[in-house]
Protein chains: 2
Amino acid sequence: MKIEEEIKQPTFKSEYHKAYINMVYTSGWLQQDQAAKFKPFGVTLQQYNVLRILRGQHPKPATISLLIERMLDKTSNASRIVDKLEAKELVTRKQCPSDRRTVDVLITEKGLELLKQMDPMEAGEGAGIRNLTEEEAEQLNALLDKIRNK
Amino acid sequence: MKIEEEIKQPTFKSEYHKAYINMVYTSGWLQQDQAAKFKPFGVTLQQYNVLRILRGQHPKPATISLLIERMLDKTSNASRIVDKLEAKELVTRKQCPSDRRTVDVLITEKGLELLKQMDPMEAGEGAGIRNLTEEEAEQLNALLDKIRNK
DNA sequence: GTACATTAAATGTATGTACATATATTTGCC
DNA sequence: GGCAAATATATGTACATACATTTAATGTAC
């Protein structure tokens, strides 16, 4: 469905304005789809993303700063997301001996096991992105990178 | 900057996976930029979106259902966003006489005045989308619509 | 080595999202 | 008319975002 019908707005001020609305809407659409798939596993998208970063580091620990640096949403509150993961015993957190300001966050066996189960439904696989051809996905990546050109 | 550098992830499983991450990241990037521009006006992006819909209806009132239908995020809680706008006296809310289950939400003069001030920085104008050519914006719209093809 | 700035993380508050449930009203069926 | 289903909105809870502030530890200047 075209974006005009989707949000019942027949016209846009410009192709640019439409593209902006379309981006925000489609991204929300993708994320909602993904969140629904993750729900049975008891972790949210953001918690999943943090677990993925931690697996990437494993068996080295990560600091909160490193998590923030790599998260999709930089301003989100990594401390509190780690709180939730710790409560589910998917990660451990302990003060780093060499710099006691920082905290070593490590994914647990249970966390690794959960990610393994979730791997087949990796973020983006199976969602609408697959409606594109490989070439179109490349085009999209190029357009998005250009948008963020600072 | 390419998305790989942006989130310090050197490779992706597939062009599709990269496109998914890129979409979510770029959309967040656009919204953060916009939210910062709106901040001096004391309304959030979502509150602004609701005000825009109400101006589109003006001088007719809108129901909460109509707002939900037209909002970018359908599952968001329109009632509570209207609460915030009402507290700022940007909208009024009163029970509709013909169907007392529904509520007539109307934008106030103050609300119209605020939107007028904000018009020059309309969502998406001036943000990164303008890095694209008109043709590229069209391409992007086509790709996004295709992603959502249900 | 003490004082001050910087850094890392945690915490507080307002807002919004996602989803389940509650409440009131209207509609439709008999 | 009476009652069940549907509808419109509001509310409760858990989670996340955005941003300011706090606390503790480290680095640096003198």
Side-chain angles (χ1 to χ4, degrees), chain A residues 24-25 27-51 61-88 90-91 93-105, chain B residues 24-25 27-51 61-88 90-91 93-105:
Chain A
V24 172
Y25 183 80
S27 163
W29 187 90
L30 285 172
Q31 289 184 75
Q32 228 170 294
D33 180 86
Q34 199 64 45
K37 282 187 188 138
F38 282 3
K39 213 186 166 195
F41 296 95
V43 291
T44 64
L45 267 177
Q46 288 70 12
Q47 291 170 8
Y48 172 81
N49 288 332
V50 168
L51 283 179
T63 61
I64 298 286
S65 312
L66 183 140
L67 292 178
I68 291 173
E69 189 180 67
R70 309 220 174 158
M71 279 170 75
L72 294 190
D73 200 322
K74 313 270 188 228
T75 72
S76 96
N77 213 316
S79 286
R80 277 184 277 225
I81 294 178
V82 171
D83 284 349
K84 301 290 156 56
L85 292 171
E86 201 180 10
K88 293 173 195 157
L90 300 173
V91 308
R93 171 158 52 179
K94 63 166 189 281
Q95 202 175 48
C96 169
S98 65
D99 182 344
R100 286 189 305 171
R101 286 171 306 180
T102 71
V103 162
D104 280 347
V105 184
Chain B
V24 172
Y25 182 80
S27 163
W29 187 89
L30 285 171
Q31 289 184 74
Q32 231 170 292
D33 181 85
Q34 198 64 46
K37 282 186 188 140
F38 281 2
K39 210 184 168 196
F41 296 95
V43 289
T44 64
L45 268 178
Q46 288 69 13
Q47 291 169 9
Y48 171 81
N49 288 331
V50 167
L51 283 179
T63 60
I64 299 284
S65 313
L66 184 140
L67 293 178
I68 292 173
E69 191 179 65
R70 308 218 174 159
M71 281 171 73
L72 294 191
D73 200 322
K74 314 272 189 223
T75 71
S76 95
N77 213 317
S79 287
R80 276 184 276 225
I81 294 178
V82 170
D83 285 347
K84 303 289 155 56
L85 292 171
E86 200 180 11
K88 293 173 195 159
L90 301 172
V91 308
R93 170 157 54 178
K94 65 164 188 283
Q95 202 175 48
C96 169
S98 64
D99 182 344
R100 286 188 305 172
R101 286 171 306 181
T102 72
V103 163
D104 280 346
V105 184

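In this text, all values refer to a predicted model and were calculated from it rather than measured experimentally. Protein chains get the first letters and strands the later ones, always in sequence-line order, with residue 1 at the start of each.
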For [X] and [Y], which heavy atoms make the closest approach, and how far apart are they?
X	Y	value
A:L72	B:Y25	O-CD1, 3.4 Å
B:A78	B:M71	CB-SD, 4.1 Å
A:G42	A:K88	O-NZ, 3.0 Å

Report the nucleotide, chosen from [options], that has the shortest atom-to-atom distance to any side-chain atom of [X].
X	options	value
A:Q47	D:dC19, D:dA16, C:dA8	D:dA16
A:T44	D:dA25, D:dT17, D:dC15	D:dC15
B:I64	C:dA18, D:dT17, D:dA10	D:dA10

Quiz item: Does A:K39 or B:K88 map to a spot on DNA chain C nearer the 5' end, using the closest nucleotide for each?
Solution: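 Nearest nucleotide further toward 5': that of B:K88.
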Quiz item: Between B:V43 and B:P97, who's closer to the 5' end of DNA chain C by nearest nucleotide?
Solution: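 The residue closer to the strand's 5' end, by nearest nucleotide, is B:V43.
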Exercise. Look at the side chain of B:D99 against the base of D:dT7 and say whether a donor-acceptor pair falls under 3.5 Å; ignore hydrogens and angles.
Key: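 Between D:dT7 and B:D99, which were checked side chain against base, a qualifying N/O pair under 3.5 Å is absent.
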Quiz item: Does any N or O donor sit under 3.5 Å from an N or O acceptor when you compare the side chain of A:R101 with the base of C:dT7?
Solution: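 Indeed there is one.
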Self-check item: OG on A:S98 to CD on A:Q95, rounded to 0.5 Å
Solution: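 The CD atom of A:Q95 sits 10.5 Å away from the OG atom of A:S98.
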Quiz item: What nucleic acid atoms does B:D83 come within less than 4.0 Å of, heavy atoms only: base, sugar-phosphate, or nothing?
Solution: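 No contact at all - B:D83 keeps every heavy atom at 4.0 Å or more from the nucleic acid.
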Practice problem: Describe the nucleic acid contact of A:S79 in one word from base, sugar-phosphate, nothing, applying a heavy-atom distance below 4.0 Å. | Solution: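 Counting heavy atoms under 4.0 Å across all strands, the contact made by A:S79 includes a base.
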Practice problem: Describe, as an angle rounded to 10 degrees, how the axis at the first end of the helix from C:dG1-D:dC30 to C:dC30-D:dG1 is tilted relative to the axis at the last end, five pairs per end. | Solution: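 Overall, the helix from C:dG1-D:dC30 to C:dC30-D:dG1 bends by 0° from one end axis to the other.
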Quiz item: Looking at B:R93, does any N or O in its side chain come under 4.0 Å of the phosphate oxygens OP1/OP2 on D:dA10?
Solution: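 Checking D:dA10 against B:R93, a side-chain N or O does come within under 4.0 Å of OP1 or OP2.
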Practice problem: Please assess A:Q31 against A:S27 for the test side-chain hydrogen bond (donor to acceptor under 3.5 Å, both in side chains), listing each intermediate value before the final yes or no. | Solution: CA-CA 6 Å; A:Q31 289 184 75; A:S27 163; 3.1 Å; yes
